[in-house]
**Student:** 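Pasting in a structure now, in structure tokens, and then I'll have a few things to ask.
Note that this is a predicted model, so its numbers are computed, not measured. Protein chains get the first letters and strands the later ones, always in sequence-line order, with residue 1 at the start of each.
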There are 2 protein chains.
Amino acid sequence: MTSLRDVAERAGVAVSTASAALNGTRPVAAATRRRVERAAAELGYRPNLLARGLQSKRTRILALLFPAPRSGFGLTEMQFATGAAEAAGELGYHLLLSPESADPIEELRHLTGLGLVDGVLLMEVGLDDERTAFLAESGVPFAMIGRTREPGGIDHADIDFAATADAAVAHVAGLGHRKLAFFNLAEDTHAARYGPAIRAGAEFERAAKEAGLAYVGGYRPGSAEDGGKAFEDLIDAHPDVTALAVMDDHAAAGVIAAVARHGRRIPEDLTLLLVLSSARVAGMFHPRLTTLEPPSTELGRLGARMLIGRLQDESQGGPRARLLPCRLVVGDSSAPPREGGTW
Amino acid sequence: MTSLRDVAERAGVAVSTASAALNGTRPVAAATRRRVERAAAELGYRPNLLARGLQSKRTRILALLFPAPRSGFGLTEMQFATGAAEAAGELGYHLLLSPESADPIEELRHLTGLGLVDGVLLMEVGLDDERTAFLAESGVPFAMIGRTREPGGIDHADIDFAATADAAVAHVAGLGHRKLAFFNLAEDTHAARYGPAIRAGAEFERAAKEAGLAYVGGYRPGSAEDGGKAFEDLIDAHPDVTALAVMDDHAAAGVIAAVARHGRRIPEDLTLLLVLSSARVAGMFHPRLTTLEPPSTELGRLGARMLIGRLQDESQGGPRARLLPCRLVVGDSSAPPREGGTW
DNA sequence: TTGTAGGCGTTATCAT
DNA sequence: ATGATAACGCCTACAA
């Protein structure tokens, strides 16, 4: 390990001068600076992050609190992590992947007590999340990917459910549909997901009504089987439905199977939208489903950037909130409704 | 931040004694130890990891080199990460998520030069991976999830492709099938995946032959469309094939669609196996596919444990290699072959 | 403009 | 068994 001392010796200056030359933290003669820089380069010098952190009380390490993978977990969550790690890296920070245990609060207490991280990034934030209270109270800088019911003064990056619903509804309405059904996430979905479920449900209903579409909600199938059943119920009660937006991948699979059982086809007899899933997943369906793809990587990036921004600039203004809409990726499951066709 | 000094003061001992009492690094009178422990507990003392690391030259931080998410990326890779993070946490280590940039070597040089990490965990290891050479040369402890062509002296945890193929073949043969086809990963798959492709292909062929099954290989569809085409080609050349194992999720989707186009059914007319994919993904297909699910979380855990083991015990023996088979999860796509049926 | 000295929190060494 | 002291590598005064 080559230290600053080695560099200083080689450049024939004092350690503090070498430090200043490298960090620009105080005026240094141009010639001296060049000598130091050359010495550093020749020695392949890298400042020791531990020493720097010990001194400066800032480690430039962020922790990402990562929930244990469970059903419904996948690409999106991974993109949060990689996005955050990337953005952190670009700003000279590192990201610690901190899997959440049974007792997240104790976990947090431990993690922040170590003095290892400058701030914490929360994901899978519940509508009422005890972690936010703890962090706020203990004064640890943090930001959320997602948001609590009342994000109030907390920095966060989340999906813009209103804009997402508007885009979906506009797509469907533009094709000529007059009635839209919505299958929400299952009730027993992890509480953390409840936020997205609540918001998406509310916004789809609002958007549909604003666009003059009839709207059918209330279904929450959480598996392929449930999806099929929900679809049967739906067409039973609403035989005139021609468009359906589904939040759960498995439920969508069940819907597709059910449509086939009826001898009907997608998109001719039903326009099917997959909400909050990736185009990659959509490509596994036949036909390839139209998707509203969450900007997960970007949300991860934003979260990290917000947190770092706050760490670096204490005087930063009020809390930042960034909401990003899902991207509409039109697949082969979108088409105008069949004339006069009913189930 | 309460420091060891505070604890020592409160316990009425010297800092070094407090340290010793807490770490058991030298004999301490039982009474003294208790006083110190009580003081520490009362103050909520946590040792500062940076200071400790600076002094001991060991940070107890591992870096996981994480490739940028690309097509074909998903649950498996995330499970490597979470598994590794979990296992590390259990052993008192932390995991740094280090996304790989365009220049992995430079990235590694940077990362290891910082003195921030004790060791590196590699994933998505290619058959010939330049990173291993660099790490070996620079003396940084590391382990692989996956393996190079010749893992030689490098610790690694990987899938046991031989046992996986045996299990798949036994399952198929047990149902009465006499001929097995295999769709490998697409050729243009990221080089890192090439290892799994090579090994799986070779082992399926071997296992089939050993079990007395006819074997058809050589197909490498990388998309739903390709999967459909490959299936057409397959039944054209081998109308008597009754069982098919597919490595690519999208290709499997294409096969399913193609079977349906022929007015045939799964599993009555074709037993379909999804290799190296999760049961979760399999559940999105209809019917639910039989899967050979990689033990990704466990591989991540093993990788971390191996690395930590080596860090803690220099005198550890030769390189450790752990190969774990995929788990066979029987779905609704497995059935005995139809008597005398051909395509 | 540059060098010296002190300290960040911890552990290791050396006395006592 | 315990206490003082010196590092670890860096940065920030302060002095020159």
Side-chain angles (χ1 to χ4, degrees), chain A residues 1-37 39-40 43-61 92 94 110-118 312, chain B residues 1-37 39-40 43-61 92 94 110 112-118 311-312:
Chain A
M1 261 293 293
T2 137
S3 81
L4 193 54
R5 183 180 173 165
D6 304 322
V7 176
E9 267 175 20
R10 181 173 245 262
V13 299
V15 182
S16 64
T17 304
S19 171
L22 259 23
N23 298 311
T25 175
R26 79 180 188 196
V28 168
T32 312
R33 145 166 296 133
R34 270 196 303 279
R35 278 216 318 286
V36 172
E37 279 168 349
L43 264 44
Y45 167 75
R46 314 261 174 185
N48 182 307
L49 248 42
L50 294 192
R52 177 175 283 181
L54 182 58
Q55 150 69 29
S56 67
K57 302 285 198 189
R58 311 188 66 224
T59 63
R60 299 179 83 87
I61 300 178
H94 291 268
H110 178 76
L111 186 65
T112 57
L114 261 20
L116 188 56
V117 303
D118 288 345
Q312 293 183 334
Chain B
M1 259 293 291
T2 137
S3 81
L4 194 54
R5 182 179 173 167
D6 304 322
V7 175
E9 268 175 19
R10 182 174 246 262
V13 298
V15 183
S16 61
T17 304
S19 172
L22 260 22
N23 298 311
T25 175
R26 79 181 187 194
V28 168
T32 312
R33 146 165 297 133
R34 269 196 304 277
R35 279 217 316 286
V36 172
E37 279 168 350
L43 265 45
Y45 167 75
R46 314 262 175 184
N48 182 307
L49 250 42
L50 294 193
R52 175 176 285 181
L54 182 57
Q55 153 68 30
S56 67
K57 301 286 198 187
R58 311 188 65 223
T59 63
R60 299 179 81 87
I61 300 177
H94 291 269
H110 179 75
T112 57
L114 260 21
L116 188 56
V117 303
D118 287 346
L311 288 172
Q312 293 184 334

**Student:** Classify the nucleic acid contact of A:Leu54 as base, sugar-phosphate or nothing, counting any heavy atom under 4.0 Å across all strands shown.
**Tutor:** base
**Student:** B:Arg5 side chain N/O closer than 4.0 Å to the phosphate oxygens (OP1, OP2) of C:dG9?
**Tutor:** no
**Student:** Would you name the heavy atoms of B:Ala20 and B:Arg26 that are closest together and state the gap between them?
**Tutor:** CB-CG, 3.5 Å
**Student:** List in numerical order all residues of residues 26-36 of chain A for which some heavy atom is under 4.0 Å away from an atom belonging to DNA chain C.
**Tutor:** A:Arg26, A:Pro27, A:Val28, A:Ala29, A:Thr32
**Student:** In whole angstroms, how far is the P atom of C:dC8 from the CZ atom of B:Arg46?
**Tutor:** 22 Å
**Student:** Within a radius of less than 6.0 Å around CZ of A:Arg5, do more than 12 heavy atoms belonging to other residues, nucleotides or ligands occur?
**Tutor:** no
**Student:** Could you tell me how far apart B:Arg52 (CZ) and D:dG9 (P) are, to the nearest whole angstrom?
**Tutor:** 18 Å
**Student:** A:Val7 and A:Ala40: which non-hydrogen atoms are nearest, and at how many Å?
**Tutor:** CG1-N, 3.8 Å
**Student:** Choosing from D:dG9, C:dG3, C:dG9, which nucleotide comes nearest the side chain of B:Ala51?
**Tutor:** C:dG9
**Student:** Mind running side chain to side chain contact (heavy atoms under 4.5 Å, CB included) on A:Ile61 and B:Leu116 for me, showing each step along the way?
**Tutor:** CA-CA 10 Å; A:Ile61 300 178; B:Leu116 188 56; 3.9 Å; yes
**Student:** Should the side chain of A:Gln55 and the base of D:dG9 be counted as holding a donor-acceptor pair, with the cut-off at 3.5 Å?
**Tutor:** no
**Student:** With side chain to side chain contact (heavy atoms under 4.5 Å, CB included) as the criterion, how do B:Thr59 and A:Leu49 come out once you've worked through the C-alpha distance, each side chain's angles and the decisive distance to 0.1 Å?
**Tutor:** CA-CA 11 Å; B:Thr59 63; A:Leu49 248 42; over 6 Å; no
**Student:** A:Asn23 and A:Arg52: side chain to side chain contact (heavy atoms under 4.5 Å, CB included), yes or no, with the steps?
**Tutor:** CA-CA 12 Å; A:Asn23 298 311; A:Arg52 177 175 283 181; 3.5 Å; yes
**Student:** Judged by atom type as modelled, is there a donor-acceptor pair below 3.5 Å linking the side chain of B:Arg46 to the main-chain atoms of A:Leu114?
**Tutor:** no
**Student:** Quickly work out the A:Asn48 CG to D:dA7 P distance and round it to whole Å.
**Tutor:** 18 Å
**Student:** May I have the distance from A:Leu50 (atom CG) to C:dT11 (atom P), rounded to whole angstrom?
**Tutor:** 13 Å
**Student:** I need the CG-P distance between B:Asp6 and C:dC8, as an integer number of Å.
**Tutor:** 11 Å
**Student:** Take atom CG of B:Leu4 and atom P of D:dG3, then tell me their distance rounded to the nearest Å.
**Tutor:** 12 Å
**Student:** Please check: side-chain N/O of A:Arg35 versus main-chain N/O of A:Val13, any donor-acceptor pairing under 3.5 Å?
**Tutor:** no
**Student:** Specify the closest pair of heavy atoms between B:Asp118 and B:Arg58, including all atoms of both residues, with the distance to one decimal.
**Tutor:** OD1-CA, 3.5 Å
**Student:** Does A:Lys57 make a side-chain N or O approach to OP1 or OP2 of C:dG9 shorter than 4.0 Å?
**Tutor:** yes
**Student:** Does anything in residues 15-25 of chain A come within less than 4.0 Å of DNA chain C? Heavy atoms only, and list the residues if so.
**Tutor:** A:Ser16, A:Thr17
